[in-house]
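Encoded as structure tokens, the structure appears first; notes follow it.
Being a predicted model, the structure only gives us computed values, none of them experimental. Residue numbers begin at 1 in each chain, while the letters A, B, ... track the order of the sequences. Just the heavy atoms: all of them, side chains too, but no hydrogens, waters or symmetry mates, feed the values below.
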There are 2 protein chains.
Amino acid sequence: MRRHYITIKDIARELDISVSTVSRALRDAYDVNPKTREKVLAKAMELHYKPNFNAIGLVQSQTHHIGVLMPAITNYYFSTVFTGIEQVANAHGYNLIVFITNDSAEREQAILNDLSQSSLDGLLVSVSSRADSQAHFEELIRNGIPVVFFDRVADAVLTSKVMQDDYHGAFEATQHLIDQGYRRIAHLAGPAGLTFTQKRRKGYEDALENSGLSVQSDWIIHSGFSQECGFDDVTQLWKLAEKPDALFAVNDRKAIGAMLALKERNIRIGKEVGVIGFTNDPMAQIISPTLTTVAEPAFDIGKLSCELLLKHISRKNFEAQDVILPARLIVRESTRR
Amino acid sequence: MRRHYITIKDIARELDISVSTVSRALRDAYDVNPKTREKVLAKAMELHYKPNFNAIGLVQSQTHHIGVLMPAITNYYFSTVFTGIEQVANAHGYNLIVFITNDSAEREQAILNDLSQSSLDGLLVSVSSRADSQAHFEELIRNGIPVVFFDRVADAVLTSKVMQDDYHGAFEATQHLIDQGYRRIAHLAGPAGLTFTQKRRKGYEDALENSGLSVQSDWIIHSGFSQECGFDDVTQLWKLAEKPDALFAVNDRKAIGAMLALKERNIRIGKEVGVIGFTNDPMAQIISPTLTTVAEPAFDIGKLSCELLLKHISRKNFEAQDVILPARLIVRESTRR
DNA sequence: TTGCTTTTCGGTAACGTTCTCGCTACTTTA
DNA sequence: TAAAGTAGCGAGAACGTTACCGAAAAGCAA
């Protein structure tokens with residue numbers, strides 16, 4: 001198990017200088033002779049020296065590791081956010097440690113519990129649907145590990161949060177349906193506990209009321225995010241006496257599930273029933289008819305979250321701030337009459 | 001920057017015993033009194049003690065970190081493989097550090113170059129299209145960091161590799177097209193340098209020859225993996241005097257791009273031109289007509305790769321082995337006449 | 001030359017663990 | 001009862017690096 005690597009001691013011995021000098025030369029401190037530094041650098045290259053991050057981390061009590069805790073990575077949104085995170089983390093010399101909760105509350109708690117404060121400089125989080133891990137996050141922050149939330153935020157925790165404009169996105173989506181002449185608009189909502197499902201629902205309800213349309217509770221169904229959920233929601237809605245003539249889904253996968261259910265009933269999407277999603281998953285352009293949606297700036301959310309986290313890491317007492325990025329309506333065939 | 005955490009010294013002092021005993025109690029070594037251990041465990045819980053992985057890693061020269069190096073994570077295949085990896089890594093107490101190359105040779109080299117042997121116990125790799133990083137991998141292995149390849153393997157490096165049965169999958173796909181009566185079968189191949197594009201091409205060619213059909217070089221186009229590439233390939237093919245009546249694409253995204261191009265030309269997919277992909281991306285079931293494809297066992301590839309790597313890590317001199325998982329033909333509408 | 005500042009370097013303690021060795025006190029064996 | 005074994009614990013070194021402090025060497029002004 002034990003391996004021996006090249007250390008700064010080896011370099012020091014070969015050059016007949018002290019480890020202190022080698023150490024300083026390597027991270028070019030001011031008080032080292034340029035010539036000495038050259039020699040050290042050359043020797044380090046020659047011996048294929050690589051720093052030992054455990055030792056550095058131990059003495060500096062920092063690791064250059066950032067944790068990323070998310071419900072999943074197998075979907076467009078999260079994988080794109082992650083790519084954004086990766087880009088800035090990498091540019092700043094930070095490594096990413098990924099934790100996937102599979103949207104399980106137990107899993108999230110377990111991960112947070114095992115999390116040693118010594119292994120992470122900061123944490124980026126999108127919470128799972130049900131877990132209340134607030135205490136865990138607060139303990140981390142208290143111990144000096146900054147936490148930044150993205151997308152699925154824990155409202156009560158006092159720290160920075162990055163999200164898209166869920167309320168206005170939902171408002172615009174609903175308004176668009178109204179503008180297209182749809183009047184009986186249902187909402188396929190997400191899990192009730194999540195902040196953004198509440199915001200999107202509020203945007204939907206406000207848009208309806210703003211146009212003098214009433215909010216009907218049996219046209220609002222809360223369920224999961226999957227395609228199957230969307231399918232099932234339509235099945236449920238179509239048992240109603242008065243059926244909707246438009247659907248606003250909390251995300252694209254669900255909208256697509258709904259479309260498949262409508263297709264099965266030979267309902268002409270767009271003409272008879274309008275459908276609109278949220279995310280702008282590439283699938284939205286693949287399905288036929290193409291899906292109108294509200295585009296989320298996933299990549300930028302990742303970038304910004306990571307940048308904010310890095311600020312929290314470098315400057316302690318960096319003030320927590322909420323960032324809300326605009327969401328953009330993209331009109332396609334599924335809402336064209 | 002400096003933070004103070006609870007250490008085993010704190011526990012030792014409070015309990016008035018030595019750090020050695022606390023250390024042994026915590027990782028339940030055999031030579032510690034059960035009563036002492038209980039006291040230590042209770043105190044550790046009370047003080048919210050969390051081990052310092054830098055210190056442990058330093059003394060044991062291992063980190064419990066596994067690196068995952070991939071071209072991308074924003075697609076079905078890689079994100080699913082990753083989920084498989086995550087599952088077994090987590091079950092064994094290993095953390096995952098993710099590196100995304102964006103299929104850039106420079107990026108891959110840079111990452112490999114920065115990679116300190118001290119920060120990783122092992123590495124899981126899917127190489128980028130063009131980079132020849134063979135020397136880097138061999139240096140890692142020589143330094144005692146096991147490497148396991150998945151999907152996009154570096155043939156020349158002597159270590160374990162996990163992949164799907166590209167050859168037979170491609171053979172079966174092509175055979176299926178032939179069975180359906182298509183005769184002028186083109187192949188939208190991947191980047192030429194990759195092992196699996198060569199295998200899939202070989203499977204395609206052998207199936208043709210096996211049925212007495214000739215291989216036409218202008219019906220084989222090598223390009224990237226994106227949807228746009230598939231679209232462009234069709235554009236190029238349809239300039240030919242003799243146009244194909246079926247397309248075998250190296251992956252689903254490319255097949256979908258091709259379908260879009262065919263749709264633009266009002267060509268009836270299936271009836272006039274058959275299309276088959278590779279992967280079984282969820283999109284294949286969303287697009288219309290639904291896409292026939294060869295399903296890759298992405299999740300299992302992730303699981304197995306990680307399990308193999310763990311074996312390499314724990315038992316040194318564990319013999320390298322190649323694992324080839326079966327690929328499965330899934331017939332849908334795009335090849336139905 | 002003397003005295004002072006600046007540059008450059010070395011010695012040593014720390015960081016939080018594990019590991020190896022050895023010691024004590026108790027138990028077993030003959 | 002003596003010898004031998006065993007259970008339980010502690011002391012101290014080690015892992016590779018940085019941080020801190022002080023000292024030597026070099027430069028400079030008078």
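Residue B:R27 places at least one side-chain N or O closer than 4.0 Å to OP1 or OP2 of C:dC19.
The nearest heavy atom of DNA chain D to B:V19 and to B:A55 marks one nucleotide each, and the one closer to the 5' end goes with B:V19.
Between the side chains of A:H136 and A:Q109, at least one donor N or O sits under 3.5 Å from an acceptor N or O. Side-chain atoms of B:H312 and B:S160 form a donor-acceptor pair, as typed in the model, at a separation below 3.5 Å. A side-chain donor from one of B:S23 and B:R27 sits under 3.5 Å from a side-chain acceptor of the other.
Proximity of a side-chain donor or acceptor of A:S126 to a complementary backbone N or O of A:F150 within less than 3.5 Å is detected. Under the 3.5 Å distance criterion, the side-chain polar atoms of A:T21 are left unmatched by any main-chain donor or acceptor of A:I17.
Rounded to 10°, the angle separating the first-five-pair axis and the last-five-pair axis of the helix from C:dT1-D:dA30 to C:dA30-D:dT1 equals 40°.
Rounded to a whole Å, the OH atom of A:Y5 is 13 Å from the C1' atom of D:dC15. For the pair B:K35 NZ and D:dA7 P, the computed distance is 16 Å after rounding to whole Å. The CG atom of A:N54 sits 14 Å away from the P atom of C:dG16 (whole-angstrom rounding). Residue A:K9 contributes atom NZ, which lies 16 Å from atom P of C:dG10 at whole-angstrom precision. Distance CD (B:Q60) to P (C:dT17): 12 Å, rounded to an integer number of Å. Rounded to an integer number of Å, the gap from B:Q62 CD to D:dG16 C1' is 16 Å. In this structure, OH of A:Y49 is placed 4 Å from P of D:dT17, rounded to the nearest angstrom. Taking atom CD1 of B:I8 as the reference point, atom P of D:dC9 lies 15 Å away to the nearest angstrom.
If you check D:dA19, D:dT17, C:dT18 against the side chain of B:V59, the one that comes closest is C:dT18.
At a threshold of 4.0 angstrom between heavy atoms, the contacts of A:I56 are confined to the sugar-phosphate backbone, with no base atom among them.
The base of D:dA19 is not paired with the side chain of A:S23 by any donor and acceptor separated by under 3.5 Å.
The pair A:K35-A:E38 does not meet the salt-bridge criterion, since no charged nitrogen lies less than 4.0 angstrom from a carboxylate oxygen.
The aromatic rings of A:Y94 and A:H64 sit parallel, their planes meeting at an angle under 30°, below the 60° perpendicular limit.
Side-chain contact between B:L120 and B:L123 is present, with at least one heavy-atom pair separated by less than 4.5 Å.
Legend: residues meeting side-chain hydrogen bond (donor to acceptor under 3.5 Å, both in side chains) with B:S128, ordered by chain and number and at least two apart, are B:E108.
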Where do N or O atoms of nucleotides 6-9 of chain C meet protein N or O atoms at under 3.5 Å, pair by pair?
{"residue": "C:dC9", "atom": "OP1", "partner": "A:T36", "partner atom": "OG1", "Å": "2.6"}
{"residue": "C:dC9", "atom": "OP2", "partner": "A:N33", "partner atom": "N", "Å": "2.7"}
{"residue": "C:dC9", "atom": "OP2", "partner": "A:T36", "partner atom": "OG1", "Å": "3.3"}
{"residue": "C:dC9", "atom": "N4", "partner": "A:R24", "partner atom": "NH1", "Å": "3.3"}
{"residue": "C:dC9", "atom": "N4", "partner": "A:D31", "partner atom": "OD2", "Å": "3.3"}

